[in-house]
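Since the structure comes first, as structure tokens, the remarks are kept for the end.
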Amino acid sequence: MMEEEDKLKGVFDQFTPTFNRGLGLGDQADFMLVLKARMQQVEYIKAMQEAQMRRYRQSVRVAVATAAVMAVLIATAILSGSTLFTPQITGTSTLSALAYIGRPALLIAGILAVCGGIYYALASLQTLRAAREERTTSKTWGMAN
Amino acid sequence: MDRNQFIALVEGEQAQLRRYLLALCCGDRDEADDIAQDALVKAYLSSAGFDNVERFTAWIYTIAYRTFIDYRRGSRQQRAIDECRSMADPSQQADGAFCYQELYAALDQLPPRERGAVLLYYIKGYSVKEIAQIVDGSDDAVRQQLSRGRKHLKEIMTL
């Protein structure tokens with residue numbers, strides 16, 4: 001048994017393959033050269049992903065800020081009783097239906113603007129989350145360690 | 001671990017790693033080198049959070065082994081095509097590969113997990129416990145794989 005074990009060990013001890021395929025620089029140098037080039041490509045992709053992530057973050061910040069500013073402006077306009085957005089409808093009873101729609105127009109416009117801002121912010125957050133997941137996936141790239 | 005440290009460690013280990021992968025791939029140099037490259041790039045991507053230099057070799061072998069298993073799962077058909085291609089290309093068989101043909105043929109008959117365990121044991125000299133960590137299995141399973149692998153190899157190579 002021990003002798004057989006030694007034979008098998010001997011087989012693997014003699015297993016000293018050469019890798020040189022005549023690429024020009026010597027085998028180890030060739031292998032490392034290819035590896036370094038691939039590492040550089042990976043670094044480039046990582047840098048691109050990080051730049052994309054920064055852009056996403058920035059767009060989310062802008063969206064949130066825009067929504068906040070719009071909400072403040074519209075709320076101020078409503079509370080101050082400004083006539084800035086009030087429809088200037090002239091006429092008599094024939095236009096009463098239009099006047100009826102026109103009165104709450106400011107409120108409707110305000111609600112729509114705030115909703116739009118919030119929707120944009122949420123959609124951007126969702127995109128940001130997806131980008132982050134994509135980045136994590138590519139970073140680990142099948143790694144469980 | 002920074003880039004330079006990673007490269008320095010890989011430079012010291014790459015020859016042994018490729019030898020191990022060449023045996024694991026039963027003499028297919030292209031596949032062995034592809035797996036080595038993929039495994040090392042994966043390792044590089046995760047190396048920022050890896051600081052245990054003493055465990056570096058075992059870590060690299062773990063990644064290489066997993067990459068090999070993934071390769072085998074995903075490229076059986078491609079492998080058959082490549083085998084036909086390399087048979088037609090005499091330069092692939094002309095050098096040292098020829099003298100290890102018997103070993104490669106014997107290794108090719110072992111299931112990949114058995115082959116992996118046997119090679120880590122004989123080429124790297126790892127213990128059962130260390131192999132179990134690398135192949136992500138239990139000690140008993142590795143012991144069994146080693147025992148079967150040795151038995152199969154001896155039978156095939158008539159040792």
Side-chain angles (χ1 to χ4, degrees), chain A residues 1-54 130-145, chain B residues 3 6-7 10-11 14-15 17-20 22-23 27 29-30 32-34 36-50 55 59-60 62-63 66-67 70 91-92 95-97 99-100 102-104 106-107 118-119 121-125 136 149-151 153-154 157-159:
Chain A
M1 181 68 191
M2 200 62 197
E3 197 183 327
E4 282 177 354
E5 181 75 5
D6 286 341
K7 278 183 189 169
L8 211 47
K9 197 178 175 305
V11 168
F12 284 105
D13 284 346
Q14 284 167 22
F15 177 63
T16 50
T18 53
F19 288 89
N20 204 343
R21 281 177 284 187
L23 292 173
L25 287 167
D27 177 62
Q28 180 167 339
D30 284 336
F31 182 82
M32 289 309 294
L33 211 64
V34 174
L35 181 64
K36 282 175 191 170
R38 289 186 67 178
M39 282 165 65
Q40 213 163 357
Q41 287 167 1
V42 164
E43 278 163 10
Y44 174 74
I45 292 166
K46 262 175 81 177
M48 293 292 285
Q49 283 176 337
E50 272 160 19
Q52 199 178 15
M53 190 67 116
R54 272 197 300 277
R132 191 175 292 155
E133 271 169 23
E134 193 184 322
R135 187 167 162 254
T136 312
T137 310
S138 64
K139 191 177 179 185
T140 48
W141 196 32
M143 282 293 309
N145 213 333
Chain B
R3 188 181 196 273
F6 180 82
I7 288 173
V10 167
E11 269 175 347
Q14 59 97 17
L17 179 71
R18 290 167 73 198
R19 181 174 165 238
Y20 163 71
L22 181 64
R29 279 157 196 270
D30 291 334
D33 272 2
D34 282 349
Q37 291 278 348
D38 281 356
L40 290 171
V41 169
K42 282 181 192 178
Y44 176 62
L45 279 169
S46 306
S47 66
F50 186 85
R55 285 256 320 142
W59 182 60
I60 290 287
T62 307
I63 298 170
R66 285 180 190 162
T67 308
D70 289 346
S91 67
Q92 293 277 318
D95 58 1
C99 63
Y100 301 119
E102 193 193 353
L103 177 63
Y104 292 147
L107 286 169
V118 167
L119 292 174
Y121 184 81
Y122 284 109
I123 289 184
K124 280 303 288 177
D136 197 23
R150 276 192 206 118
K151 189 168 168 258
L153 273 183
K154 281 172 203 161
M157 298 179 82
T158 57
L159 293 173

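Note that the structure is a prediction, hence the values are computed from the model and not measured. Labels below follow one simple rule: chain letters A, B, ... track the order of the sequence lines, proteins then strands, and each chain is numbered from 1. Any value given below was found using the heavy atoms of this structure, including those in side chains, with hydrogens, waters and symmetry copies removed.
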For residues A/Met32 and B/Gln14, report the shortest heavy-atom separation together with the two atoms involved.
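The answer is SD-CG, 4.2 Å.
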Grab the two heavy atoms, one from A/Leu35 and one from B/Gln37, that are nearest each other, plus how far apart they are.
CA-OE1, 3.2 Å
Would you call the rings of A/Phe15 and B/Tyr104 parallel, tilted or perpendicular if under 30° counts as parallel and over 60° as perpendicular?
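The arrangement is perpendicular - the two ring planes meet at more than 60°.
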Using only atom types and a distance under 3.5 Å, with no angle test, would you say the side chain of A/Arg38 pairs donor to acceptor with the backbone of B/Leu40?
no
Please check this pair: side chain of B/Tyr44 against backbone of A/Lys36, looking for a donor-acceptor N/O pair closer than 3.5 Å.
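Not confirmed, B/Tyr44 side chain does not pair with A/Lys36 backbone.
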CZ-CZ distance between B/Arg19 and A/Phe12, expressed to the nearest 0.5 angstrom:
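One gets 9.0 Å once the value is rounded to the nearest 0.5 Å.
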Would you give the length of the straight line joining atom CD of A/Gln40 to atom CZ of B/Arg3, rounded to the nearest 0.5 angstrom?
6.0 Å
Option in B/Ile123, B/Leu153, B/Ile7 with maximal non-hydrogen atom pairs under 4.5 Å from chain A
B/Ile7
Against chain A, label B/Ala23 side chain, backbone, both or neither, depending on which of its atoms sit under 4.5 Å from a heavy atom there.
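Contact with chain A: backbone and side chain both.
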Which bit of B/Phe50 comes within less than 4.5 Å of chain A, counting heavy atoms only: side chain, backbone, both or neither?
neither
Portion of A/Gln41 that has a non-hydrogen atom of chain B nearer than 4.5 angstrom
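Contact with chain B involves no heavy atom of A/Gln41 at all.
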Stepwise side-chain contact (heavy atoms from CB on, under 4.5 Å) check, B/Tyr100 with A/Thr16
CA-CA 9 Å; B/Tyr100 301 119; A/Thr16 50; 3.5 Å; yes
